[in-house]
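First listed ligand is number 1; within each ligand, the first listed atom is number 1.
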Amino acid sequence: MSIQENYDFAKQAYAKWGIDVDTVLEQLKKVSISIHCWQGDDIGGFEVIQNERSGGIDVTGNYPGKARTPEELRSDLDKALSLIPGKHRVNLHAIYAETNGEVVDRDQLELKHFENWVKWAKEKDLGLDFNPTLFSHPKAADGLTLSHPNEEIREFWINHCILSRKIGEYFGQQLGTPALTNLWIPDGYKDIPSDRLTPRKRLLDSLDKIYAVEIDEQYNLDAVESKLFGIGSEAFVVGSHEFYLHYAMKNNKLCLLDTGHYHPTETVSNKISSMLLFSDKIALHVSRPVRWDSDHVVILDDELKEIALEIVRNDALERVIIGLDFFDASINRVAAWTIGTRNMIKALLYAMLVPNKYLKELQEKGDFTERLALMEEFKTYPFGAVWDYYCEKMGVPVKESWLEEVRVYEQEVLLKR
Ligand code: RNT
Ligand code: ZN
């Protein structure tokens with residue numbers, strides 16, 4: 001059977017449940033995912049003085065072909081984007097500045113250091129998002145940044161964050177779509193603190209200084225990202241979930257939930273509905289936690305589907321800003337982007353092809369038997385046929401055929417580096 005025939009067959013199956021697949025695909029087309037640039041070079045960045053990775057951020061593996069220059073990184077992103085259906089965004093970190101061989105510390109960054117990225121994004125019709133980089137730097141070597149007891153160090157990072165928001169604003173102005181500038185810091189302690197309050201007070205004070213600078217939300221949105229623990233901050237993280245949740249609520253910032261930053265039995269899918277009741281918008285870093293590590297390539301697992309269902313069934317596609325955050329250097333990096341991003345889109349499609357309204361009614365009626373029965377049956381409805389058709393219509397490779405393109409690119413480009 002052809003892709004079209006499979007699609008027609010699937011369409012009928014969904015139509016029986018009142019789901020119009022063509023409308024669903026129109027809706028899916030509008031979803032844009034923020035693809036993190038750092039999968040392409042193992043969060044190395046292009047600073048002239050290359051610092052060791054720190055802040056609990058570590059990337060394992062030495063698969064050949066890592067991007068060494070901005071041109072290489074953009075070319076790899078172009079390749080991945082050509083294999084992913086839809087129109088998306090690219091998420092940058094401050095360490096991806098291009099300073100033309102000049103040593104520019106992070107509190108001295110200028111808009112011009114991101115000109116090439118903007119030019120590229122314009123050409124490719126992409127939005128850009130941004131992150132200040134508060135790790136892999138001598139001033140973050142103690143594992144403390146915005147909550148550091150030393151005022152000079154705090155000030156350095158405060159200035160870096162203010163600059164970063166201006167870079168976000170510049171992206172928004174240039175590209176006509178607001179940048180999300182997300183703040184994550186590694187601050188914490190390896191062992192049990194004797195004082196939790198003081199570092200948190202200092203973080204609060206630093207954030208207030210960073211956000212005191214007014215920036216038009218038309219161009220830049222601010223988000224704050226929490227973490228439960230990290231490598232080297234096992235016992236205590238200053239910027240915990242409660243800390244940022246309250247900070248965001250009180251100061252009208254976005255709370256960003258990284259799916260790898262919670263206790264293993266705690267799920268982000270279960271947080272979305274609560275947060276949507278209190279915030280206009282929230283942001284995600286979709287990742288995959290594996291035991292103590294939080295950054296594996298996103299797969300189409302139950303939690304990913306559940307996150308997608310929560311976004312779709314609560315009509316929140318415009319309120320949940322979806323970004324990805326994973327880094328694996330043990331596999332082809334272009335493939336990693338492609339797999340993770342295609343899975344995110346697949347999960348959203350899956351969620352759109354479930355009779356969500358009817359299932360809600362069943363729950364209200366107390367018919368938990370039919371609720372469970374249908375939720376299980378829909379797992380094997382022919383959503384793969386719809387996905388294949390969507391890929392074909394969007395001009396990207398169908399099924400696993402994208403892998404062949406990655407292999408060719410690997411031979412012709414990556415292995416020659
Ligand atoms: C780290 C956070 C953070 C980073 C990126 C590189 O635990 O998840 O989002 O992964 O900013
Ligand atoms: Zn993250």
Peer 1: Starting from atom 9 (O) of ligand 1, locate the nearest protein heavy atom and write down its residue, its atom name and how far away it is, to 0.1 Å.
Peer 2: Glu225 OE1, 2.7 Å
Peer 1: Which label fits Tyr14 and Phe378: parallel for a plane angle under 30°, tilted from 30 to 60°, or perpendicular past 60°?
Peer 2: tilted
Peer 1: Using a 4.0 Å heavy-atom cut-off, which part of His36 comes near ligand 1: side chain, backbone, both, or neither?
Peer 2: neither
Peer 1: Please calculate the OE2(Glu225)-the Zn ion (ligand 2)-OD2(Asp258) angle and round it to 10 degrees.
Peer 2: 90°
Peer 1: Provide the number and element of each atom of ligand 1 under 4.0 Å from a heavy atom of His285.
Peer 2: 9 (O)
Peer 1: Give the atom numbers and elements of ligand 1 that come within less than 4.0 Å of a heavy atom of Asp258.
Peer 2: 8 (O)
Peer 1: Nearest 0.5 angstrom please: Leu349 CG to Lys305 NZ, how far?
Peer 2: 12.0 Å
Peer 1: Looking at the Zn ion (ligand 2), is there an N, O or S atom belonging to His261 that lies under 2.8 Å away from it?
Peer 2: no
Peer 1: Is the Trp292-Phe229 ring centre distance short of 6.0 angstrom?
Peer 2: no
Peer 1: Is the CG atom of Asp216 crowded by more than 12 outside heavy atoms at less than 6.0 Å?
Peer 2: yes
Peer 1: Assess the side chains of Asn51 and Ser136: does a donor N or O sit below 3.5 Å from an acceptor N or O?
Peer 2: no
Peer 1: With carbon and hydrogen excluded and only N/O/S kept, which atom of Asp325 is nearest the Zn ion (ligand 2)?
Peer 2: OD2
Peer 1: Under 4.0 Å from a heavy atom of Lys227: which atoms of ligand 1 are those, numbered in the order shown and with their elements?
Peer 2: 1 (C), 7 (O)
Peer 1: For the ring pair Trp157 and His137, is the centre-to-centre distance below 6.0 Å?
Peer 2: yes
Peer 1: Of all the atoms in ligand 1, which lie at a distance below 4.0 Å from a heavy atom belonging to His261?
Peer 2: 1 (C), 2 (C), 7 (O), 8 (O)
Peer 1: Who's the nearest protein heavy-atom neighbour of atom 11 (O) of ligand 1, and how far?
Peer 2: His93 NE2, 2.7 Å
Peer 1: Among the N, O or S atoms of His285, which one sits nearest to the Zn ion (ligand 2)?
Peer 2: ND1
Peer 1: Quick one: nearest non-hydrogen protein atom to atom 4 (C) of ligand 1, plus distance?
Peer 2: Asp325 OD2, 3.5 Å
Peer 1: Under 3.5 Å, is there a donor-acceptor pair linking the side chains of Ser287 and Asp325?
Peer 2: no
Peer 1: State whether a side-chain donor-acceptor pair under 3.5 Å links Asn91 with Tyr96.
Peer 2: no
